[in-house]
Amino acid sequence: MRFFEQKERKKNPNRKAFLLKRYVFSVISGILICAGILYAVCSSFNQIRTDLHQIKNADNLSDLNQINIVYTLDTIRDKNDGGVISYIEENLENLTEECVNADVIAEVIPTGKISLNADSIGMEICIKEVYKGSEFVNQDQYCTAYSAWAIAPNETGSYYNYYGYLNIMYPDYPYLVFARASDFQVNGQRELYFMGPLFSYMRTGSAMDSDSVINSMDLIRVKESEYMTMDTEVVLYLNKMKRNIMEKVGVCASDGHTF
C-alpha cells in the first residue's frame, strides 16, 4: 500500500501547486461573492434613500410600501406606573406652557406637500387664522413647519421606520398649531418649528372617537388616526387635553368643532 501511495504521488508532482491554486481560487471567489452581496445591499439602501427624498406629498407615502410605526403613546410608561395618562398629568404644566409660550398659535390647513429629512419632516401649511404671532405670520400665508418626527430606512434598508407619537398632517383636516418662528425663509416661505412632543399640533374639526386608535403598525394604513395609540382610554383623555389647551390659550372652537 505504501508503495502504491508513493507511486501515486510520483504521478502527481504538481499536486501541492494544484491544491494551492484551488485554495486561492476559492478565496477569491468568496471575496467576489461577498463583494457582490455588499454592493447589492448598498445599492438597495441608496435606492431606498433616493425613494425617500422623492416623496413630495403626504398622499404619496404609499409609494414606500411599508412604514413601520416604532413608538406608540402606550409605550411611554408601563401600565403598572399609570401609563401615558399618568405621564401627561405629571407633566401637565410643562406641556401646557410649551403651547402657551409658542411664538405662533394659528389654525392652519396643510397643503399635503412634505419634505422628508434625516431628523425631521417638513409640512407646508396655509395660515387660516392667527391667534398669536401676527408679527411672524399672516392669514392666507404659506409656511413650512418642521416636526421632530422622522421617517428613515431601517438598518438593512429593507423598509422604513416612523419615529413619532403624532401622525403627520393631512390636508383633509384643519389643525391648531403651536410653533417657534424662524428668521429663515425658503422659497419665500417662513420656516416654523413645532413645539412639544405631544401637542405641537392638533386636529380641530371634531373630537376623536374610539375609531381613532391605530389598528395597524404601518403608518400608511392609519391616516385617519391623529395619535399613535391603541388605547381608547388614551384617546378620550387626549380629547380632554386638547379642549383644556384650547381654553388655556384663549382659542374658541369654530362652528361645528366639537370636543
Side-chain angles (χ1 to χ4, degrees), residues 53 55-61 92-151 162-208 223 225-227 238-239 241-259:
H53 291 297
I55 300 298
K56 302 298 182 183
N57 192 289
D59 288 330
N60 295 139
L61 286 171
L92 181 60
E93 184 175 349
N94 290 335
L95 292 170
T96 306
E97 284 303 310
E98 285 179 341
C99 297
V100 173
N101 294 329
D103 294 334
V104 174
I105 301 175
E107 187 168 33
V108 309
I109 296 292
T111 66
K113 293 181 180 180
I114 62 174
S115 58
L116 305 180
N117 307 298
D119 56 358
S120 66
I121 299 176
M123 293 171 272
E124 186 183 67
I125 56 176
C126 180
I127 307 294
K128 289 304 179 183
E129 187 166 356
V130 181
Y131 297 104
K132 180 184 178 184
S134 56
E135 66 271 34
F136 300 110
V137 296
N138 302 308
Q139 188 174 0
D140 296 326
Q141 179 181 356
Y142 287 87
C143 303
T144 301
Y146 292 89
S147 73
W149 317 134
I151 296 175
Y162 177 70
Y163 300 91
Y165 296 116
L166 262 170
N167 207 339
I168 64 173
M169 295 194 294
Y170 286 92
D172 314 52
Y173 309 95
Y175 291 81
L176 183 67
V177 302
F178 304 90
R180 177 171 56 86
S182 168
D183 293 330
F184 296 105
Q185 293 193 18
V186 177
N187 298 325
Q189 294 187 4
R190 179 183 290 277
E191 291 188 349
L192 302 175
Y193 297 92
F194 289 122
M195 306 287 288
L198 296 180
F199 303 109
S200 49
Y201 51 86
M202 55 183 67
R203 293 177 184 174
T204 59
S206 61
M208 295 179 287
K223 179 179 177 180
S225 299
E226 183 175 357
Y227 286 90
L238 289 173
N239 277 331
M241 283 298 305
K242 288 169 64 173
R243 181 174 62 251
N244 289 344
I245 289 175
M246 290 177 70
E247 293 175 353
K248 182 74 174 180
V249 299
V251 176
C252 297
S254 305
D255 292 341
H257 293 194
T258 58
F259 287 90

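In this chain, residues are counted from 1 in sequence order.
- Looking at Asn60, its side chain never comes within 3.5 Å of a backbone N or O of Ile55 through a donor-acceptor pair.
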Got a list of side-chain donor-acceptor pairs under 3.5 Å for residues 171-182, not counting sequence neighbours?
unit_1	atom_1	unit_2	atom_2	d
Tyr173	OH	Glu224	OE1	2.4
Tyr175	OH	Tyr170	N	3.2
Tyr175	OH	Arg203	NE	3.2
Ser182	OG	Phe184	N	3.0

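- The closest side-chain heavy-atom distance from Asn244 to Thr96 is not below 4.5 Å.
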Could you check Ile168 against Leu116 for side chain to side chain contact (heavy atoms under 4.5 Å, CB included), going step by step and ending with a plain yes or no?
CA-CA 11 Å; Ile168 64 173; Leu116 305 180; over 6 Å; no
Using side chain to side chain contact (heavy atoms under 4.5 Å, CB included), reason through Met123 and Ile114 one step at a time and then give a plain yes or no.
CA-CA 5 Å; Met123 293 171 272; Ile114 62 174; 3.9 Å; yes
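- Here the closest heavy-atom approach between residue Cys143 and residue Leu192 is recorded as CB-CD1, 4.1 Å.
- The shortest non-hydrogen separation linking Ala58 to Met169 is CB-O, 4.3 Å.
- For the pair Lys128 and Asp140, the tightest heavy-atom approach, listed with the atom from each and the gap, is NZ-OD1, 4.0 Å.
- For Leu95 against Leu198, the heavy-atom pair with the smallest separation is CD1-CD1, 4.3 Å.
- Residue Cys126 comes nearest to Tyr142 through the heavy atom pair CB-CE2, 3.7 Å, listed as atom of the first residue, atom of the second, then distance.
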Start with the C-alpha gap between Thr144 and Lys113, add the side-chain angles, then the distance that decides, and say whether side chain to side chain contact (heavy atoms under 4.5 Å, CB included) holds.
CA-CA 9 Å; Thr144 301; Lys113 293 181 180 180; over 6 Å; no
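- Checked options Thr204, Ile127, Ile125; the residue passing with Glu107 is Thr204 (criterion: side chain to side chain contact (heavy atoms under 4.5 Å, CB included)).
- Using a 4.5 Å cut-off on side-chain heavy atoms (C-beta onward), Leu92 and Met241 make contact.
- Listed by chain and residue number, Glu97 satisfy the side-chain contact (heavy atoms from CB on, under 4.5 Å) test with Asn101 (two or more places apart in sequence, or in another chain).
- Residues Met202 and Leu166 are not in side-chain contact: their nearest non-hydrogen atoms beyond the backbone lie 4.5 Å or more apart.
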Where do Phe199 and Glu98 land on the side chain to side chain contact (heavy atoms under 4.5 Å, CB included) test, with the steps shown first?
CA-CA 9 Å; Phe199 303 109; Glu98 285 179 341; over 6 Å; no
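- Put simply, the side chain of Lys248 never gets that close to the backbone of Val100: no donor and acceptor are under 3.5 Å apart.
- In terms of heavy atoms, Ser200 sits closest to Phe194 at CB-CB, 3.4 Å.
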